[in-house]
Amino acid sequence: MIVTRFAPSPTGYLHVGGARTALFNWLLARQAGGKFLLRIEDTDTKRNTATAADQVLRDLQWLGIDWDEGPDIGGPNGPYKQSERRDIYDTYIAQLIDEGKAYYCFDTPEELAEMRVAAEKEKRNNIYPRPAVFPDAAAVEKARAKGRPVTVRLAITQTEPIVIEDEVRGTISIDPAELSDFIIQKSDGFPTYHMAVVIDDELMGVTHVIRGQEHLMNTPNHQLLQKALGFRIPTYAHMSVTVSEGGGKLSKRERPKTLKKAIKAMQDVDIDALANAGGITSDELDSFLNGKTSPDMPAVDAMAALLGVHLPEINIVDFFRSGYLPETLVNFFALLGWNPGDGREIMDREELIQAFDLSRVTKSNSLFDRQKLMSFNTEHLKTTMTPLDTLVRHFRAYLEVNDSPVAKADDTLLERIIRINEGARTLEQIEQKTRFAFLPDEAIEYDEKAVKKVLLKGDGLAMLAAVGEALATLTKLTPEGIETLLRGLAEEKQVGLGKVAQPLRVAICGNTISPPIFDAVDMLGMETTLKRIQITLEKFRQDN
RNA sequence: GGCCCCAUCGUCUAGAGGCCUAGGACACCGGGUUUUCAACCCGGCGACAGGGGUUCGAGUCCCCUUGGGGCUACCA
């Protein structure tokens with residue numbers, strides 16, 4: 001049976017790269033009818049945050065990537081948090097030392113740094129000088145007594161090339177002379193990543209390891225470890241990296257960077273109000289703008305929201321908050337470095353699972369193209385692609401996380417809103433086009449350009465008044481009734497429908513962007529529509 | 001610097017030596033449809049990084065150059 005896993009280190013939110021790695025592993029397991037496990041790699045006590053692991057789990061759940069064994073649900077080979085598996089690692093480390101395959105070291109960080117610098121100066125690889133005789137228990141005691149750090153390294157004794165059979169890259173051969181004895185146990189007693197990952201993958205029965213290219217050069221070390229411990233070597237697949245439009249890696253630093261640029265480009269920014277919105281002090285904001293520090297993510301998000309600056313989405317939650325569907329992301333990430341080979345692009349989860357094939361994973365790096373993502377979202381937002389009740393569920397979650405007034409709508413109304421906005425690109429767009437119907441009349445903001453063009457130029461206001469009078473004669477409001485009425489009015493006045501509809505649109509929602517006008521009026525209701533026409537008439541007649 | 005990986009339109013990619021006059025999608029440009037924004041329909045622009053081989057024949061195989069990426073931690 002095929003067993004894959006996703007093993008994030010809980011240092012923050014799940015980001016694009018992590019999600020893509022998780023997805024490929026999940027896809028392979030699901031398509032093969034195997035198992036997909038989740039394991040938390042929290043051996044770095046300094047970098048891990050308490051809430052990050054939970055957040056990563058939530059992000060995966062939102063994407064619809066489910067797991068068969070994991071820290072929250074357990075499983076036969078738990079625990080699934082590396083910090084809770086210390087005794088297991090200790091046993092194997094002791095075994096390697098007993099067998100003379102690993103040895104203690106007492107170097108200080110400063111000494112190691114010196115070695116590194118020296119190696120670089122001499123333009124050679126930094127290879128750790130293995131002692132002729134390995135330190136014994138007494139030596140360890142002595143070192144500890146002197147306050148020196150105690151670590152354990154694997155002794156690399158192999159001389160034949162290490163061969164990696166990679167499912168996407170083919171056969172790769174590495175000369176072990178290039179490799180240095182590496183640390184398998186840190187001075188704080190925790191295993192290093194290499195040690196923990198090898199033991200866990202063996203014990204948890206992982207058969208296929210799909211991970212980023214950044215791990216390719218770790219693989220020789222892992223295979224050496226597997227050999228030393230008598231473990232099987234799982235099938236490896238190293239996938240390409242997805243880079244940002246800016247060039248480098250898709251980095252979370254892009255968000256503060258974009259915000260900083262935007263603030264600096266603005267003329268009159270109220271620094272105090274901005275700092276306040278972000279929950280930071282003016283001094284902290286100042287330090288940020290001078291490139292010294294960077295506020296945390298919630299602060300960056302809040303300030304961007306205040307200024308109306310759109311930040312590039314990096315973390316999965318960013319995409320959620322921007323109005324993307326999880327179906328879109330799953331589809332899009334799958335196609336970043338893989339394709340079904342038959343030209344299909346827009347696919348749902350089932351189709352992806354059925355078509356997935358490790359042998360069709362691409363070798364070269366790819367660029368994250370947000371425009372194409374947007375286009376994918378447009379497709380998945382159509383009811384022919386995603387069931388309406390699913391869209392409603394996602395839409396409600398979106399509205400709630402963004403505190404939208406549209407959240408007041410019940411599911412039936414939400415369904416209708418989604419239907420009449422067929423063709424929208426994001427949930428955010430639907431929300432913006434619909435919120436006029438959920439705002440109090442006095443909260444409608446009139447777009448200056450729209451007012452000028454539609455109401456003030458020509459006889460827009462007169463037309464609006466006529467529309468108001470005509471609408472008032474209707475006894476019952478239906479989209480069809482409104483359509484008949486407005487079309488009749490346009491014909492009577494010998495003008496196109498636009499001349500009638502546009503002033504009405506501006507009157508009820510303040511700008512020229514709205515759902516189809518008949519639905520828009522119907523949603524608003526007779527009373528509010530007439531009231532807003534009245535308010536608009538009064539407001540702009542006075543101005544003239 | 002050392003080691004490793006990669007290289008087709010602006011972007012994601014199809015391409016397993018003759019099906020290639022290099023196909024699709026996004027973007028872009030032009031047109032159509034239209035009550036707005038979208039969506040939708042039609043058309044157009046646009047690539048085998050360069051140089052050597054191998055072969056009757058190379059985008060496809062080999063070598064070199066160039067370019068991009070990764071690793072080079074008591075991070076994962």
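The model shown is predicted, which means the values in this text are computed figures rather than measured ones.
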Does [X] have a side-chain nitrogen or oxygen under 4.0 Å from the phosphate oxygens OP1 or OP2 of [N]?
{"X": "A:Arg116", "N": "B:rC74", "value": "yes"}
{"X": "A:Lys186", "N": "B:rC75", "value": "yes"}
{"X": "A:Lys372", "N": "B:rU11", "value": "no"}
{"X": "A:Arg425", "N": "B:rA39", "value": "yes"}
{"X": "A:Thr43", "N": "B:rA76", "value": "yes"}

Among B:rA27, B:rU13, B:rU36, the nucleotide that comes nearest once only the side chain of A:Asn339 is considered: B:rU13
Just compare B:rC40, B:rA73, B:rU35 and give me whichever is closest to any side-chain atom of A:Lys382.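 The listed nucleotide nearest to A:Lys382's side chain is B:rC40.
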What residues from [range] pass a heavy-atom cutoff of under 4.0 Å to RNA chain B?
{"range": "residues 152-166 of chain A", "answer": "none"}
{"range": "residues 6-16 of chain A", "answer": "A:Ser9"}
{"range": "residues 482-494 of chain A", "answer": "A:Arg487"}

May I have the list of side-chain donor-acceptor pairs in residues 498-515 of chain A shorter than 3.5 Å, sequence neighbours left out?
| residue | atom | partner | partner atom | Å |
| --- | --- | --- | --- | --- |
| A:Gln502 | OE1 | A:Arg505 | NE | 2.7 |
| A:Arg505 | NH1 | A:Ser514 | OG | 2.6 |
| A:Arg505 | NH1 | A:Pro515 | O | 3.2 |
| A:Asn511 | OD1 | A:Ile513 | N | 2.8 |

Tell me: [atom1] of [X] to [atom2] of [N], nearest whole Å?
{"X": "A:Leu367", "N": "B:rA7", "atom1": "CG", "atom2": "C1'", "result": "14 Å"}
{"X": "A:Phe376", "N": "B:rU13", "atom1": "CZ", "atom2": "P", "result": "11 Å"}
{"X": "A:Asp181", "N": "B:rC74", "atom1": "CG", "atom2": "P", "result": "13 Å"}
{"X": "A:His238", "N": "B:rC3", "atom1": "NE2", "atom2": "P", "result": "20 Å"}

Would you please indicate yes or no on a ring centroid separation below 6.0 angstrom for A:Phe356 and A:Trp338?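 Close enough - the centres of the two rings lie under 6.0 Å apart.
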Ignoring hydrogens and geometry, is there a side-chain-to-backbone donor-acceptor pair from A:Arg85 to A:Pro79 under 3.5 Å?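 Between the backbone of A:Pro79 and the side chain of A:Arg85 there is a qualifying donor-acceptor contact (under 3.5 Å).
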Between A:Asp166 (side chain only) and A:His238 (backbone N and O only), is there a donor and an acceptor less than 3.5 Å apart?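 It does hold such a pair.
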Suppose you measure atom [atom1] in [N] against the same atom in [M]; what distance do you get, rounded to whole Å?
{"N": "B:rU33", "M": "B:rG43", "atom1": "C1'", "value": "15 Å"}
{"N": "B:rA27", "M": "B:rU65", "atom1": "C1'", "value": "33 Å"}
{"N": "B:rG23", "M": "B:rA16", "atom1": "P", "value": "14 Å"}
{"N": "B:rA49", "M": "B:rU13", "atom1": "P", "value": "15 Å"}
{"N": "B:rU21", "M": "B:rC48", "atom1": "C1'", "value": "14 Å"}

Side-chain donor-acceptor contacts of residues 152-159 of chain A below 3.5 Å, not counting sequence neighbours, with atom names and distances?
| residue | atom | partner | partner atom | Å |
| --- | --- | --- | --- | --- |
| A:Arg153 | NH1 | A:Asp181 | O | 2.8 |
| A:Gln158 | OE1 | A:Lys227 | NZ | 3.1 |
| A:Gln158 | NE2 | A:Glu160 | O | 3.1 |

N/O donor-acceptor pair, side chain A:Lys433 with base B:rC37, under 3.5 angstrom: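 Looking at the base of B:rC37, it does pair with a donor or acceptor on the side chain of A:Lys433 (distance under 3.5 Å).
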A:Phe24 six-ring centre to A:Arg20 NZ/CZ under 6.0 Å and within 45° of normal: yes
Any residue meeting side chain to side chain donor-acceptor pair (under 3.5 Å) with A:Asp90, in chain and number order, not counting sequence neighbours: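 Checked A:Asp90 against side chain to side chain donor-acceptor pair (under 3.5 Å); matches are A:Gln185.
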